[in-house]
Amino acid sequence: MRRTEALAKVTTLIEALPWLASFHGATVVIKYGGNAMTEEHLREKFAADVVFLRYAGLRPVIVHGGGPQINAHLDLLGIESTFTAGLRVTTPEAMRVVRMVLVGQVNRDVVGLINRHGPFAIGMSGEDAHLFTAVRKHAVVDGASVDIGQVGDIVNVEAGAVRALLEDGRIPVISSVARSEDGTVYNVNADTAAAALAVALQASKLIVLTDVEGLYRDWSPDAVDNEVIDELSATELEKLLPTLSSGMIPKMEACLTAVQGGVPQAHVLDGRVPHSVLLEIFTDKGIGTMVLPDAPAATATAQLKGNDT
């Protein structure tokens, strides 16, 4: 029995070897949220996975949101949460809570979990060193632009501070708030922030953790087993975007932004699966949905010729 278990572990290590070689020294940006952030056993496993990546020679960067924690704190203070076109209407009062929760609570919690395994994680805000610069974002309702307060779109990324931390062997943990040129603080979507940072860092992968298995081909609430799309190109994803549910759109838009900006691979993974990040990076089959850039014309022509022979 012991020998069988040992052989299974050795087989797993051997399977991981080519991926360890391929991604050694690679930067991987991980958007952290959903169940993986709120369930204690998943939180602990995520922290261990990130440190494993660091010891395996990769350079992980964490970008996090904190929707459930923000909602809980707003409720505690009696501040009403309203949403327009799926976006939180963020008043100055609500923004103070968002900033406090993301920077002062969630960020410190994630840093603390990782640092149980060693002195690696350093917390940052998107405000620090002008990492993220944003402009005010408006919602669109029935074709009309609607002001939703201090919600921002990232227009510039100054990633020098993050690069310096990576060079020092640290794991940057970044909360998704940003400043504008005039100093206004904005709440920005963590998926969007992770994609923008992945492009700026020329990362090898963007990984978005969510609460579903991946992008479903034809999702139905009545289906027993919905089919997950394993892989699709940027063009294929562009065509699918208008048909997606509101919850999946920012995640898949982030993947699209990343691969169109030069990131070789972007993935949507089920954060409810323990060690999902390691399963994706270090196993032959991987999990979730992978988005790839469109093949260059020469490559596509060669593939067509190959199919004809």
Side-chain angles (χ1 to χ4, degrees), residues 30-50 62-116 121-128 132 134 136-137 139 146-154 172-179 184-194 207-212 245-251 254 268-274 276-277:
I30 304 170
K31 185 269 177 166
Y32 178 47
N35 285 67
M37 181 182 280
T38 56
E39 295 187 21
E40 188 60 31
H41 74 105
L42 292 174
R43 284 160 38 86
E44 293 173 355
K45 289 179 174 64
F46 174 79
D49 289 355
V50 170
I62 313 304
V63 178
H64 69 82
Q69 294 91 334
I70 292 169
N71 289 339
H73 213 87
L74 288 172
D75 288 344
L76 186 66
L77 295 174
I79 300 172
E80 184 180 1
S81 289
T82 58
F83 291 82
T84 299
L87 298 169
R88 185 192 301 274
V89 177
T90 308
T91 64
E93 184 183 30
M95 187 64 226
R96 286 192 288 271
V97 175
V98 168
R99 191 185 194 191
M100 177 181 67
V101 171
L102 291 182
V103 180
Q105 175 190 332
V106 178
N107 191 272
R108 304 317 308 165
D109 287 347
V110 178
V111 167
L113 281 168
I114 293 172
N115 284 346
R116 290 179 187 177
I122 293 182
M124 291 182 65
S125 158
E127 300 174 64
D128 295 335
F132 297 139
R136 185 178 292 261
K137 179 184 180 73
V146 178
D147 186 5
I148 51 175
Q150 290 175 237
V151 178
D153 267 333
I154 294 173
V173 179
I174 301 159
S175 54
S176 57
V177 293
R179 276 186 177 271
T184 304
V185 180
Y186 287 108
N187 180 22
V188 298
N189 181 279
D191 303 311
T192 305
I207 294 175
V208 178
L209 295 180
T210 184
D211 295 339
V212 294
S245 65
S246 59
M248 284 302 288
I249 286 175
K251 301 177 192 322
V268 173
L269 305 184
D270 191 345
R272 301 169 301 179
V273 176
S276 57
V277 172

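Side chains included, hydrogens not; waters and symmetry mates left out as well; all remaining heavy atoms used.
At a threshold of 4.5 Å between non-hydrogen side-chain atoms, the residues Lys31 and Lys251 count as touching. The side-chain heavy atoms of Leu209 and Met37, taken from C-beta on, include no pair separated by under 4.5 Å. Counting only heavy atoms from C-beta outward, the side chains of Lys137 and Asn189 never approach each other to under 4.5 Å. Side-chain contact between Val50 and Leu113 is absent, with no heavy atoms from C-beta onward closer than 4.5 Å.
Remark: the backbone N or O of Val188 is paired with a side-chain donor or acceptor of Ser176 at under 3.5 angstrom. Side chain of Asn115 to main chain of Ala121: a donor-acceptor pair is present (N/O by atom type, distance under 3.5 Å, no hydrogens or angles). Looking at Gln69, its side chain never comes within 3.5 Å of a backbone N or O of Leu102 through a donor-acceptor pair. The backbone N or O of Ala72 lies less than 3.5 Å from no partner atom in the side chain of Asp75, so there is not a single donor-acceptor pair.
Rounded to the nearest 0.5 angstrom, Arg96 CZ and Gln150 CD are separated by 8.5 Å. Distance check: Arg99 CZ to Ile70 CD1 gives 13.5 Å after rounding to the nearest 0.5 Å. The CE atom of Met100 sits 3.0 Å away from atom NE2 of His73, with the distance rounded to the nearest 0.5 Å. A distance of 9.0 Å separates CD1 in Ile62 from OH in Tyr32, rounded to the nearest 0.5 Å. In this structure, the separation between CG on Asp49 and CD on Glu44 is 12.0 Å, given to the nearest 0.5 Å.
Smallest separation of non-hydrogen atoms from Ala254 and Thr192: CB-N, 4.4 Å. In terms of heavy atoms, Ser125 sits closest to Ser175 at CA-OG, 3.4 Å. Nearest heavy atom pair, residue Ala190 against residue Gly65, reads CB-N, 3.6 Å. Of all the heavy atoms in Asn107 and Gly123, the pair that sits closest is OD1-CA, 3.1 Å. Scanning both residues, Ile154 and Ala193, for their nearest heavy atoms gives CD1-CA, 3.5 Å. Taking both residues in full, the closest heavy atoms of Leu269 and Ile207 are given as CD1-CG2, 3.6 Å, listed atom of the first, atom of the second, then distance.
Just one of Glu127, Arg136, Arg179 meets the side chain to side chain contact (heavy atoms under 4.5 Å, CB included) condition when paired with Tyr186; it is Arg136.
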Would you be so kind as to tabulate the donor-acceptor pairs closer than 3.5 Å made by side chains of residues 78-91, with sequence neighbours excluded?
from	atom 1	to	atom 2	distance (Å)
Ser81	OG	Arg88	NH1	3.2
Arg88	NH1	Asn71	OD1	2.9
Arg88	NH2	Asn71	OD1	2.8
Thr90	OG1	Arg88	O	3.1
Thr91	OG1	Ala94	N	3.1

